[in-house]
Peer 1: 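Structure in structure tokens, see below.
Just so it is clear: chains get the letters A, B, ... in the order the sequence lines come, proteins before strands, and each one is counted from 1. Just so it is clear, the model here is predicted, and its values are computed rather than measured.
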Amino acid sequence: MIEIKGVSKAFPGRKGSEPVQALKDVDLIVRDNEFLTVLGPSGCGKTTLLRVIAGLVPHDTGTVLVDGKPVTGPGPERAMVFQSFALMPWDNVLTNVAFGLEMQGVDKKTRELKALELIEMVGLGGFEKRLPGELSGGMQQRVGLARALAVSPKVLLMDEPFGALDEQTRRLLQEELLRIWEATRTTVVFITHSMEEAVLLGDRVVLMRPRPGRIDQILDIPMTRPRSTHLDSVESSGEFTAMVGLLWNNLRAMHSDVRRARQAGQAAATKP
Amino acid sequence: MATVAPTPARVASPGFISRLEAWPTVTSFIVLVGGWELIGRSLNQPFFPPLSSVLNELAINQAEIMAALGTSLTNLVLGFIVSVVFGVGLGLLMGAFRKLDAALDIYINALLTAPSLVFAPIFFAIWGLERWSIVAVIFMYSTWIMVVNTVTAVRTVSPEMLEMGRAFNAPRIKTWTRIVLPAATPLIMAGIRLATGRAVKGMLNGEMFIAIVGLGKLVKDGSGRFDASLVLAILVVIIVVAFIALWVVGWVDARLTRWLPKTSR
């Protein structure tokens, strides 16, 4: 379980401007074995929230507990999948997937056996000796996913993992991820800017709003599991359409709020 | 009107010209060699001998040139190895420790721009006519560009890659051996390539102006006698040496950075 209580984070602004409040008083509980998706417009702090959980950036106030232990930095029970894949181009698929275990000091034979198992699981069997540069974007992110799963994490942190992929590839990987998740039930925190993706994958959707970054609301997704076997009918269901519609209404309201605030700000600034 | 006229001259051109176009390096080589020979013959002046008499000179003095080449190559290899180890090593340290970089950066740049031969009297005072004087000159010529390149190589490792390492709990040593060093290798090798040419220059200058030995001695002797054929013959030898040195470095580079996509070579 991840418990986030009263977490705020500000980044220093550019010279002369105000600091940017990326997160303000965020409270959130991520349950065990839950697939949580986090959605919001750019600048709402969703990636910062993930990086705080990952221990990659320190938070200013509040507490972040993973299984009761406060987060002070990255830890082996959390693994991350990156939007840019972040594979090592000089190492082959096998070595890349085994990287996390290598960093934990697992011996070569054991870690490569485990890596092979995961390469098989993400559907890349036979590609273990290839370099990342020889693979398509979708295959590279499968490597990224296998690398994260190889360390057997309790929590899988995914930062817009399919954001850099084309529509068809993205769809195939969503299916693949759901299939793997339904088999393993690892706790997942999944950042996305796609409403459809958030609803399709998540048990709950956390909707965030910008300036300052905070949680707007949390929605339960009613569609049953497993979904991976019939994603197409999930997506054409009335529940799916209703959830996406609800999220869109909220996001649109957020956008007009932001516009109104900006206009008010300009009006105040131009007053004599 | 925007009609595009066909280019009949191109279509009608014979196969020979297009074959020359397909091999630009071969073509330029033929033009250079042929031009040298022709101009040399028609000028008929001692200061610009045709290629054939230069090659002839090379053949006549073969034994002497080979002996000198042996001496020079030994100097080159020694100087280059010392400067690669020191240059890349210092660059890595400066890349790792910002304070060290801040403290040394300005002096490295000063040494990079200073004409390296001005240090010759110092080396001469220390080692006299010994080989180490020349090794030191080679060192001064080739080291600093490698330091500068290596620092940049370490600094430009992508932050995403470093963050990935952090996210997977990479210890500091592993971060260096598994991420920073491989990522920095292409730029470090580029620095070593640049340094190769400088090392060859340093070798010749050291031999000409300090300890008069090797190929540098032959150049000095030749120019002292206004023997342009001999000077140019040595120049040909030096160019061949430089090419071989660059080829060796290029071969090592290609092996170390095989993972780079073809387009970024």
Peer 1: Residues in side-chain contact (heavy atoms from CB on, under 4.5 Å) with Arg204(A), at least two apart?
Peer 2: Arg31(A), Glu34(A), Leu36(A), Ile218(A), Asp220(A)
Peer 1: Does any heavy atom of chain B fall under 4.5 Å from the side chain of Leu131(A), the backbone, both, or neither of them?
Peer 2: side chain
Peer 1: Counting only heavy atoms not in Phe243(B), do more than 12 sit closer than 6.0 Å to its CZ atom?
Peer 2: no
Peer 1: Write down the atom of Thr186(A), the atom of Trp181(A), and the distance for their closest heavy-atom approach.
Peer 2: O-NE1, 2.6 Å
Peer 1: Is chain B contacted by the side chain of Ala54(A), its backbone, both, or neither, given a heavy-atom distance below 4.5 Å?
Peer 2: neither
Peer 1: Any side-chain heavy atom of Glu197(A) within less than 4.5 Å of one from Thr37(A)?
Peer 2: no
Peer 1: Under 4.5 Å heavy-atom distance to chain A, tell me which part of Leu256(B) shows up: side chain, backbone, both or neither.
Peer 2: neither
Peer 1: Write out the donor-acceptor pairs between chain A and chain B under 3.5 angstrom, atom names and distance to 0.1.
Peer 2:
unit_1    : atom_1 : unit_2    : atom_2 : d
Arg51(A)  : NH1    : Glu163(B) : OE1    : 2.5
Arg51(A)  : NH1    : Glu163(B) : OE2    : 2.6
Leu56(A)  : O      : Arg166(B) : NH2    : 2.7
Ser84(A)  : OG     : Glu160(B) : OE1    : 3.2
Trp90(A)  : NE1    : Arg178(B) : O      : 3.2
Asp91(A)  : OD2    : Arg178(B) : NH1    : 2.7
Asp91(A)  : OD2    : Arg178(B) : NH2    : 3.1
Glu102(A) : OE1    : Arg178(B) : NE     : 3.2
Glu102(A) : OE1    : Arg178(B) : NH2    : 2.9
Glu102(A) : OE2    : Arg178(B) : NE     : 2.7

Peer 1: Is the shortest side-chain heavy-atom distance between Lys46(A) and Leu39(A) below 4.5 Å?
Peer 2: no
Peer 1: Report the distance from atom CZ of Phe85(A) to atom CE of Met164(B), rounding to the nearest 0.5 Å.
Peer 2: 14.0 Å
Peer 1: Would you say Leu135(A) and Arg142(A) make side-chain contact, with heavy atoms under 4.5 Å?
Peer 2: no
Peer 1: Measure distances from Leu101(A) to the heavy atoms of chain B and classify the residue's part below 4.5 Å as side chain, backbone, both or neither.
Peer 2: neither
Peer 1: If you look at every heavy atom in Ala198(A) and Val205(A), which pair is closest and at what distance?
Peer 2: O-CG2, 3.6 Å
